[in-house]
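Worksheet: one structure, shown below.
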Amino acid sequence: MRVVCLVPSLTEAVAVSAPGVLAGATDWCGHPAELAVPRVGGTKNPKVEKILALTPDLVIANEEENREPDLAALRAAGVEVLVTEVRDVPQAFVELARVLDACGVRARPRWLDEAEETWSSLPSPQSRTTAVVPIWRRPWMVLGRDTFAGDVLARLGVHHLYATHEDRYPRIPLDELRAASPDVVVLPDEPYRFAADDGPEAFPGLACALVSGRHLTWYGPSLAEAPRVLTRALRAARR
């Protein structure tokens with residue numbers, strides 16, 4: 001079977017669970033680090049001709065990561081496209097199982113069991129930390145309603161203040177974000193690469209947690225260690 005994956009987290013899941021199946025991936029598919037397959041462009045601008053030249057049996061996509069016109073072009077060329085939807089942690093496990101099954105993985109991988117056990121055994125949060133979670137600047141955009149990353153944080157006791165906003169990724173003026181006075185500003189290193197010298201300076205007087213975007217936004221093998229990694233970063237920011 002030949003699979004092209006247009007979703008970085010799912011590329012990692014397929015690569016570690018079905019070695020040899022991947023025939024192509026996006027430029028942003030950086031895990032596993034040793035992955036050596038042809039690259040087909042970005043998640044938002046894949047090169048359809050390159051994908052077709054790889055003669056895939058299946059293309060894996062996501063309704064948020066990828067654009068419908070590109071997926072429609074692949075379908076029109078006769079390629080099967082599996083489109084995932086992941087808005088919370090339980091849905092991530094359902095979709096991961098569906099993707100791996102479509103890729104011919106018959107034995108459920110150990111990492112998937114371990115990740116699901118990790119999340120199902122988390123204790124209920126004893127307190128709530130308020131947060132704003134920028135995902136972009138110029139303009140400033142934050143997590144809004146109905147997002148996987150928002151559900152990840154909620155299960156770790158973090159309530160992001162725009163969780164009920166009508167938009168999933170609203171644009172919010174910086175002055176408004178500051179005035180919200182969250183307990184912590186959560187700054188992931190993707191999609192925007194926030195860093196110690198790029199992000200915290202915009203929020204003087206507020207605790208800022210620089211976190212791994214892979215552990216906050218990816219649904220794949222990193223799910224097993226995500227609670228530990230994220231909790232450590234959040235605690236460090238509030239010391």
Side-chain angles (χ1 to χ4, degrees), residues 1-32 35-105 108-109 111-112 115 135-136 141 143-152 167-169 188 190-192 213-223 226:
M1 185 173 200
R2 295 175 59 80
V3 174
V4 171
C5 189
L6 304 180
V7 187
S9 58
L10 296 178
T11 293
E12 183 180 17
V14 174
V16 302
S17 306
V21 165
L22 280 174
T26 75
D27 299 345
W28 298 104
C29 294
H31 292 272
L35 182 66
V37 296
R39 304 297 172 151
V40 297
T43 57
K44 303 296 186 188
N45 56 347
K47 296 177 173 59
V48 173
E49 298 79 6
K50 278 193 173 183
I51 296 173
L52 295 177
L54 295 172
T55 62
D57 300 299
L58 177 69
V59 171
I60 298 170
N62 175 264
E63 50 90 28
E64 181 174 89
E65 293 250 17
N66 309 118
R67 300 186 318 124
E68 178 55 33
D70 297 318
L71 306 184
L74 292 168
R75 293 190 191 98
V79 177
E80 181 181 355
V81 180
L82 186 160
V83 181
T84 58
E85 179 182 338
V86 178
R87 303 291 178 90
D88 57 34
V89 173
Q91 192 176 26
F93 290 118
V94 171
E95 291 290 64
L96 281 164
R98 184 165 75 102
V99 165
L100 296 180
D101 182 69
C103 291
V105 178
R108 187 178 170 91
W111 69 260
L112 187 54
I135 58 160
W136 204 258
M141 298 173 66
L143 291 186
R145 64 169 179 84
D146 196 23
T147 66
F148 172 75
D151 187 57
V152 164
D167 296 327
R168 297 184 66 221
Y169 301 102
E190 63 174 88
Y192 186 90
R214 177 169 169 258
H215 292 97
L216 179 61
T217 66
W218 285 35
Y219 29 90
S222 58
L223 276 170

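Each residue takes its place number in the sequence, starting with 1.
For R214, the side chain to side chain donor-acceptor pair (under 3.5 Å) partners two or more places apart in sequence, or in a different chain, are E12. With sequence neighbours left out, D151 forms a side chain to side chain contact (heavy atoms under 4.5 Å, CB included) with D88, V89, P90, R155. Applying the side chain to side chain contact (heavy atoms under 4.5 Å, CB included) criterion to R145, with sequence neighbours excluded, gives R168. Under the rule for a salt bridge (Lys or Arg N to Asp or Glu O under 4.0 Å), the partners of E95 that lie at least two apart in sequence or sit in another chain are R98. Residues passing the side chain to side chain contact (heavy atoms under 4.5 Å, CB included) test with P38, sequence neighbours excluded: L54. Every residue two or more places apart in sequence or in another chain that forms a side chain to side chain donor-acceptor pair (under 3.5 Å) with E190 is listed here: W218. Considering only residues two or more places apart in sequence or on other chains, Y169 meets the side chain to side chain donor-acceptor pair (under 3.5 Å) condition with E64. In terms of the salt bridge (Lys or Arg N to Asp or Glu O under 4.0 Å) criterion, residue partners of D146 (sequence neighbours excluded) are, by chain and number, R87. The side chain to side chain contact (heavy atoms under 4.5 Å, CB included) test applied to D57 returns M1, R2, not counting sequence neighbours. The salt bridge (Lys or Arg N to Asp or Glu O under 4.0 Å) search around D27 returns none, not counting sequence neighbours.
Residues A97 and R108 come closest through the heavy atom pair CB-NH1, 4.3 Å. Pairing each heavy atom of A149 with each of L143, the nearest pair is CB-CD1, 3.7 Å. Heavy atoms only, all atoms of each residue included: S17 and A13 are closest at OG-O, 2.7 Å.
Applying the salt bridge (charged side-chain N to carboxylate O under 4.0 Å, His left out) test to residues at least two apart or on different chains, none of the pairs has a partner in residues 39-48.
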I'd like to know whether C103 forms a side chain to side chain contact (heavy atoms under 4.5 Å, CB included) with I60, so could you lay out the CA-CA distance, the side-chain angles of the two residues, the decisive distance to 0.1 Å, and finally the verdict.
CA-CA 10 Å; C103 291; I60 298 170; 3.7 Å; yes
Show, in sequence, the C-alpha distance, side-chain angles and deciding distance for V3 and V59, and conclude whether the side chain to side chain contact (heavy atoms under 4.5 Å, CB included) test is met.
CA-CA 6 Å; V3 174; V59 171; over 6 Å; no
Hey, mind stepping through T43 and V7 against side chain to side chain contact (heavy atoms under 4.5 Å, CB included) and telling me if it holds?
CA-CA 7 Å; T43 57; V7 187; over 6 Å; no
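Other residues, nucleotides and ligands contribute at most 12 non-hydrogen atoms within 6.0 Å of the CH2 atom of W28.
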Return a table of donor-acceptor pairs under 3.5 angstrom between the side chains of residues 78-85 and protein atoms on other chains or two or more places apart.
{"residue": "T84", "atom": "OG1", "partner": "A61", "partner atom": "O", "Å": "2.9"}
{"residue": "T84", "atom": "OG1", "partner": "N62", "partner atom": "ND2", "Å": "3.1"}

